[in-house]
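What follows is one structure encoded as C-alpha cells, with my remarks underneath.
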Number of protein chains: 2
Amino acid sequence: MVRAIYDSIYQRLRQDILNGTYPYQSLLPSENTLIKTFSCAHNTVRKALALLTAQGFVQPIHGKGVRVIYQPPQKTLFTLGGIETFKETARRNHLKAQTDVVTFKTIRSDDAIAEQTGFPAGTELYYIERIRRLDGKALIFDKNYFLASIIPGLTTAIVKNSVYEYIEKTLGMRITTSKRTLTVERTTPKDERYLDVEGYDFLAVVSSQTFNSDGIMFEYTQSRHRPDYFAFHSTAIRGK
Amino acid sequence: MVRAIYDSIYQRLRQDILNGTYPYQSLLPSENTLIKTFSCAHNTVRKALALLTAQGFVQPIHGKGVRVIYQPPQKTLFTLGGIETFKETARRNHLKAQTDVVTFKTIRSDDAIAEQTGFPAGTELYYIERIRRLDGKALIFDKNYFLASIIPGLTTAIVKNSVYEYIEKTLGMRITTSKRTLTVERTTPKDERYLDVEGYDFLAVVSSQTFNSDGIMFEYTQSRHRPDYFAFHSTAIRGK
DNA sequence: GCCGATTTGTCCGTATGTATC
DNA sequence: CGATACATACGGACAAATCGG
C-alpha cells in the first residue's frame with residue numbers, strides 16, 4: 001500500500017509533534033519551507049496541515065504561522081477518542097486484556113431495536129454481549145449488533161479475539177466513519193451481574209454507529225464503562 | 001464579511017441535508033454536477049465536500065458517489081458536540097435559561113491549578129463559578145478560568161449573560177479550537193449545595209481547553225452536568 | 001472478462017487575496 | 001511599505017474504483 005504524499009507529510013509532522021521536535025506553542029516550518037523539504041506543491045502541504053488541524057494538533061494563524069497546540073496527556077489512564085480497538089487500547093496502556101463472550105446469536109431486528117440502533121426492522125443481525133477485562137477486572141460491558149449481510153461468518157472465536165481485525169484483515173473491509181453518543185446511565189442488574197462495579201451505581205455509556213467505506217452502517221455498539229477507568233477525548237473546531 | 005465560495009457550497013449542501021432534500025443513504029450530485037451548479041473549480045467543490053465529511057454528514061465512496069450518512073437525532077434532549085454557548089443550547093431546546101454567578105474573582109495560578117488547567121503557574125486568571133438553570137432546575141455547575149491578559153474587563157454582568165458573546169462581539173476575538181475531555185465523577189458536597197442533584201450521585205464532567213485564532217489557550221472550563229440532561233455527540237473518521 | 005463512461009482521489013503550477021510584522 | 005506567511009481559487013492532468021454493456 002503506497003501512501004499518498006500528503007499522508008506521509010502528515011504522518012511525519014504528527015510524529016515530530018508527538019516526539020517533541022515541535023513543542024507546544026511553537027510554530028511549524030512555513031508552508032514554503034515544507035514545500036521545499038518535501039518537494040511538492042502548495043496544495044499538498046496544505047492538505048497535510050488541514051489534517052493536523054482537524055485532529056487538534058495545530059492551529060494555523062493567518063499571516064503568522066502554524067502553531068502547535070498539542071500537549072501530551074498528563075494523567076495517563078484508559079482513554080478513547082479516535083477509532084481504536086479494545087486490544088489496541090489495552091496495549092497502549094500496557095494492560096493485559098481479556099474478553100469473555102456471554103451472548104452470541106443471530107436475531108432479526110424488531111421495532112424496538114430499529115429505534116435504538118438505526119437498523120431497519122426485519123434486518124438480520126448478529127447480537128453479541130462481551131465483557132472486557134483489564135488486568136482481570138471486568139470493567140466494560142459491550143453489546144454489539146452487526147449487520148449479518150455485510151459481516152458474514154462470525155464465530156465465537158473471532159468475537160473473543162477482535163471483530164475489527166476480522167473485518168479489516170480477513171474481509172478486507174475498511175472502517176471509516178464512526179458516530180458516537182456519550183451518556184451517563186445508572187447500572188442495571190445485568191451490569192452488576194457481569195461487571196466488577198465495586199459500588200459504582202453509574203456508568204459511562206458510549207453508543208456508536210460505524211460505517212464502512214461504502215457508507216453503509218454495519219455496526220451498532222453500546223459500551224458501558226466503569227467511570228474510574230474511563231475518559232473520552234474530543235476536539236471541536238469552530239466553523240471555518 | 002464575504003463568505004468564501006467553498007463555504008457557501010458547504011452551507012448550502014448542509015442545509016439541503018438537514019431539510020431532507022438529500023436524505024439518509026442517498027447520493028449527493030456528482031462533483032461534476034456541483035461544479036456546473038456553482039460555477040467553480042473541482043478543488044473548490046472538493047473542499048466543501050471535505051468539510052461535510054469531517055462533520056459526519058457524508059461519506060464519499062470512490063468511483064461511486066458521495067453518500068449522505070446524516071440522520072436527524074431521534075431523542076431530542078440536551079446535547080452538545082460542537083462549540084456552542086449555553087444560551088444557544090437552551091434556545092435550540094426551547095428552554096428558559098438562567099445563570100447564577102456564585103464566584104467571581106481574579107487569582108494567580110499555582111502549581112495545582114497549572115497541573116489541572118494547563119495555564120503556567122503564576123498566570124493571572126479570572127476564576128468564575130456559575131450555576132446553569134434550565135426551566136428553573138439547577139443542572140450544570142460551571143467552573144471557568146480565563147486568561148486575564150487576553151480577556152480584559154470581565155464583569156459579573158458579562159459573566160451572567162454570556163462570556164462568549166463578550167469575547168466574540170465586544171473584543172472581536174475568534175474562538176477556534178476546543179479540546180475536551182469527558183469523564184464521569186462522583187458528586188461533591190459543593191455540587192450538592194448548588195445543584196438540584198435529586199439523588200444523582202454521579203455527574204458527567206466536561207473539561208475543555210479553548211484556543212483563540214492565535215493558538216493561545218485563553219480558557220479552561222469544567223462543566224458538571226446532571227446525567228439525565230446530558231448527552232455528548234462526536235464523529236470520528238479513520239485516518240486513511 | 002474487457003472496455004468505456006462516470007465518479008472520486010491525488011497532485012501540480014499559478015495567481016491573487018489578506019493578515020502579520 | 002515591503003517581505004513573509006497563510007487562504008482561496010482556478011484549470012489541467014492522471015490515477016483508481018465502480019458500473020453497465
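Scope of the values below: all heavy atoms of this structure, side chains included, with no hydrogens, waters or symmetry mates. Convention: sequence-line order gives letters A, B, ...; per-chain numbering from 1.
Among C:dG9, D:dT8, D:dC6, the nucleotide with an atom closest to any side-chain atom of B:Ala4 is D:dT8. For A:Ser30, whose side chain is taken as the heavy atoms from C-beta onward, the closest listed nucleotide among D:dA7, D:dA5, D:dT8 is D:dA5. Among D:dC6, D:dA13, D:dC10, the nucleotide with an atom closest to any side-chain atom of B:His42 is D:dA13.
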Anything under 3.5 Å between a donor and an acceptor, one on a side chain of residues 212-220 of chain B, the other on a protein residue two or more places apart or in another chain? List them.
{"from": "B:Asn212", "atom 1": "OD1", "to": "B:Asp214", "atom 2": "N", "distance (Å)": "2.8"}
{"from": "B:Asn212", "atom 1": "OD1", "to": "B:Gly215", "atom 2": "N", "distance (Å)": "3.3"}
{"from": "B:Asn212", "atom 1": "OD1", "to": "B:Ile216", "atom 2": "N", "distance (Å)": "3.1"}
{"from": "B:Glu219", "atom 1": "OE1", "to": "B:Tyr164", "atom 2": "OH", "distance (Å)": "2.5"}
{"from": "B:Glu219", "atom 1": "OE1", "to": "B:Thr210", "atom 2": "OG1", "distance (Å)": "3.0"}
{"from": "B:Glu219", "atom 1": "OE2", "to": "B:Asn144", "atom 2": "ND2", "distance (Å)": "3.3"}
{"from": "B:Glu219", "atom 1": "OE2", "to": "B:Thr221", "atom 2": "OG1", "distance (Å)": "2.4"}

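Between the CZ atom of A:Arg67 and the P atom of D:dA5 there is a distance of 15 Å, rounded to whole Å. Computed from coordinates, the B:Ile35 CD1 to C:dG9 P distance equals 13 Å when rounded to whole Å. Between B:Glu31 atom CD and D:dC10 atom C1' the separation is 15 Å, expressed in whole Å. Spacing between atom CG of A:Asp7 and atom P of D:dA15 amounts to 20 Å, rounded to whole angstrom units.
When each of A:Ser234, A:Ser208, A:Ser223 is checked for a side chain to side chain contact (heavy atoms under 4.5 Å, CB included) with A:Arg180, only A:Ser208 meets the rule. The only member of B:Leu18, B:Val45, B:Thr21, B:Leu34 that meets side chain to side chain contact (heavy atoms under 4.5 Å, CB included) when paired with B:Leu13 is B:Leu34.
Across all strands shown, B:Ile61 has heavy atoms under 4.0 Å from sugar-phosphate atoms exclusively, and none from any base. Across all strands, B:Leu49 comes closer than 4.0 Å to no nucleic acid atom at all (heavy-atom distances).
A:Gln15 CD to A:Arg12 CZ: the interatomic distance, rounded to the nearest 0.5 Å, is 9.5 Å.
Here A:Lys47 reaches the OP1 or OP2 of C:dT10: one of its side-chain N or O atoms lies under 4.0 Å away. Not one side-chain nitrogen or oxygen of A:Tyr6 sits closer than 4.0 Å to the OP1 or OP2 atom of C:dC11. The phosphate of C:dT10 has neither OP1 nor OP2 within less than 4.0 Å of any side-chain N or O from A:Thr44. Residue B:Lys64 has a polar side-chain atom (N or O) positioned under 4.0 Å from OP1 or OP2 of D:dC19.
Note on ring orientation: taking the six-membered ring where Trp is involved, the planes of B:Phe232 and A:Phe232 are perpendicular (angle over 60°, cut-offs 30° and 60°).
Within the structure, the salt bridge (charged side-chain N to carboxylate O under 4.0 Å, His left out) test picks out the following pairs touching residues 19-39 of chain B (sequence neighbours left out): B:Glu31-B:Arg46.
Nearest-nucleotide positions on DNA chain C place B:His62 closer to the 5' end than the other of B:His62 and B:Asp214. Toward the 5' end of DNA chain D, the nearer of the two residues B:Gly63 and B:Asn43, judged by each one's closest nucleotide, is B:Asn43. Nearer to the 5' terminus of DNA chain C, by closest-nucleotide assignment, is the contact made by B:Arg46 (compared with the other of A:Cys40 and B:Arg46).
Both tests pass for B:Lys47 against the ring of B:Tyr6: distance under 6.0 Å to the centre and angle within 45° of the axis.
The overall bend of the helix from C:dC2-D:dG21 to C:dC21-D:dG2, read as the angle between its terminal helix axes built from five base pairs each, is 10° when rounded to 10 degrees.
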